[in-house]
Number of protein chains: 2
Amino acid sequence: MRLAQLSERSGITTATVKYYLREGLLPPGRRVTATQSEYDESHLRRLRLIRAMTQVGRLPVTTVREVLAVVDDGSQDQHSRIGAAVWALPHGNEPTADDPAVAAAEHTVQMLLDRVGWSFGRLAGPDSPAYRKLVGAVAELHRLGYPCNVENLLPYAAAASRLAEADLDLVESYDDAEEQIEAAVACTVLYEPVLLGLRRLAEAEECNRRFGTGS
Amino acid sequence: MRLAQLSERSGITTATVKYYLREGLLPPGRRVTATQSEYDESHLRRLRLIRAMTQVGRLPVTTVREVLAVVDDGSQDQHSRIGAAVWALPHGNEPTADDPAVAAAEHTVQMLLDRVGWSFGRLAGPDSPAYRKLVGAVAELHRLGYPCNVENLLPYAAAASRLAEADLDLVESYDDAEEQIEAAVACTVLYEPVLLGLRRLAEAEECNRRFGTGS
């Protein structure tokens with residue numbers, strides 16, 4: 001397909017598509033004339049992935065480029081690439097290291113991970129953005145004096161485990177290796193607001209169920 | 001305690017505390033002299049709640065005021081107030097109504113809710129911010145062509161249900177009625193990054209477990 005059709009099918013303006021091409025987020029098409037290139041389904045998929053990260057994940061273009069570099073890194077085996085791409089997704093501000101609440105939070109998180117037996121292999125660990133984000137969030141709960149010990153966190157870890165199984169099932173439902181990695185990144189980002197919305201609705205439902213304040 | 005001690009114990013500067021007093025987010029203290037007021041534990045709790053919403057939830061002050069108005073509304077019974085306060089928490093941008101992807105997403109969400117049997121009583125429903133946010137997130141998945149049917153959503157709804165039970169257990173662990181409502185709002189916001197961080201770590205763990213790319 002030509003640029004105009006790529007724009008139409010992706011719902012992204014030609015100006016923005018050209019910008020992504022210039023910035024190297026979208027690989028160039030196959031040149032057919034001096035002024036025209038041919039694009040294929042892989043370009044369409046890449047545009048959808050870029051849009052998931054920029055529009056829903058609100059990531060800056062420089063960060064999107066870093067994540068895509070991992071997605072495109074052919075030097076790692078397929079499944080390492082899925083894990084590495086999700087790892088590379090940034091996740092809010094990192095906590096400052098010299099904060100005593102952060103040290104206490106790191107202890108809590110490590111006790112939790114020991115308890116649930118997560119080891120990650122080389123796919124995550126204390127340096128990963130997700131781990132730092134979790135430590136920062138637990139530190140904030142400690143700092144504000146709301147309960148957040150290992151017992152409070154266990155139901156969250158159990159829920160996250162079950163969701164990860166569903167997420168990886170979804171990723172593996174794609175046959176193509178490239179599509180699997182793209183789906184891992186896109187669905188990690190796109191299902192976040194789904195999860196947060198459902199949690200709030202479930203709280204309303206549980207409130208209604210427990211206290212019968214309903215209709 | 002005096003303003004200086006309130007600032008010290010909350011970790012919020014006196015200038016910011018005065019700003020919250022001026023804006024009506026923090027109720028005035030008990031006047032003891034012409035220039036000094038006395039504050040108590042309820043002021044400290046309120047400051048922590050404001051901080052949860054502004055720093056972690058990134059809500060603007062006008063929105064914080066709206067949520068606090070629900071928290072402070074004594075005309076409703078206790079448990080309605082918990083549900084209403086969580087309902088009042090905003091949740092990102094609302095989807096536009098005339099988008100065909102939104103209509104399809106509403107259908108998917110309604111099928112999901114029928115399937116899991118959530119009715120909410122009068123605590124939530126198609127007008128609540130959480131419901132609108134969920135519809136918007138599902139519409140974005142549809143629009144970008146990633147899978148998001150009822151079967152994909154069921155594990156998310158199941159996880160949300162279990163978390164809501166844990167959340168309400170935590171809320172009910174507070175004896176005081178005011179503290180329960182404040183904890184419901186604060187923990188709804190503060191546990192969101194915990195949940196998202198744990199989901200990413202669980203994805204790395206599941207990737208490692210399933211494909212053995214580890215260590």
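Side-chain atoms are counted along with the backbone in the values below, which use heavy atoms only and exclude waters and symmetry mates. Note on naming: letters A, B, ... go to the chains in the order of the sequence lines (proteins, then strands), and numbering restarts at 1 for each one.
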Exercise for review: Before giving the answer on side-chain contact (heavy atoms from CB on, under 4.5 Å), spell out for B:Leu196 and A:Leu196 the whole-Å C-alpha distance, their side-chain angles and the decisive distance to 0.1 Å.
Suggested key: CA-CA 9 Å; B:Leu196 299 185; A:Leu196 299 185; 4.0 Å; yes
Check your understanding: Passes side-chain contact (heavy atoms from CB on, under 4.5 Å), B:Glu140 versus A:Val189? Steps please.
Key -> CA-CA 11 Å; B:Glu140 198 59 28; A:Val189 173; over 6 Å; no
Measure across [X] and [Y] and return the closest heavy-atom pair with its distance rounded to 0.1 Å.
{"X": "B:Arg199", "Y": "A:Glu192", "result": "NH1-CG, 3.4 Å"}
{"X": "B:Trp118", "Y": "A:Ala202", "result": "CH2-CB, 3.5 Å"}
{"X": "B:Glu182", "Y": "A:Tyr146", "result": "O-OH, 4.4 Å"}
{"X": "A:Arg48", "Y": "B:Gly145", "result": "NH2-O, 3.9 Å"}
{"X": "B:Gly117", "Y": "A:Glu205", "result": "O-OE2, 3.8 Å"}
{"X": "A:Leu198", "Y": "B:Ala157", "result": "CD1-N, 3.8 Å"}

Point to revise | A:Glu206 and B:Ser161: side chain donor to acceptor below 3.5 Å | key: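 There is no such pair between these side chains.
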With only heavy atoms counted, which part of [X] is less than 4.5 Å from chain A, the side chain, the backbone, both or neither?
{"X": "B:Leu170", "answer": "side chain"}
{"X": "B:Leu154", "answer": "neither"}
{"X": "B:Tyr174", "answer": "side chain"}

Point to revise | B:Arg210 side-chain N/O to A:Glu165 backbone N/O, donor-acceptor pair under 3.5 Å | key: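 Such a contact is found between B:Arg210 side chain and A:Glu165 backbone.
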Practice item. Answer yes or no: is there a side-chain heavy-atom contact under 4.5 Å between A:Tyr191 and B:Leu153? Key: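 They are in side-chain contact.
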Point to revise | A:Arg200/B:Asp167 salt bridge by N-O under 4.0 Å criterion | key: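 Here B:Asp167 does not pair with A:Arg200 in a salt bridge, since their nearest N and O are not under 4.0 Å apart.
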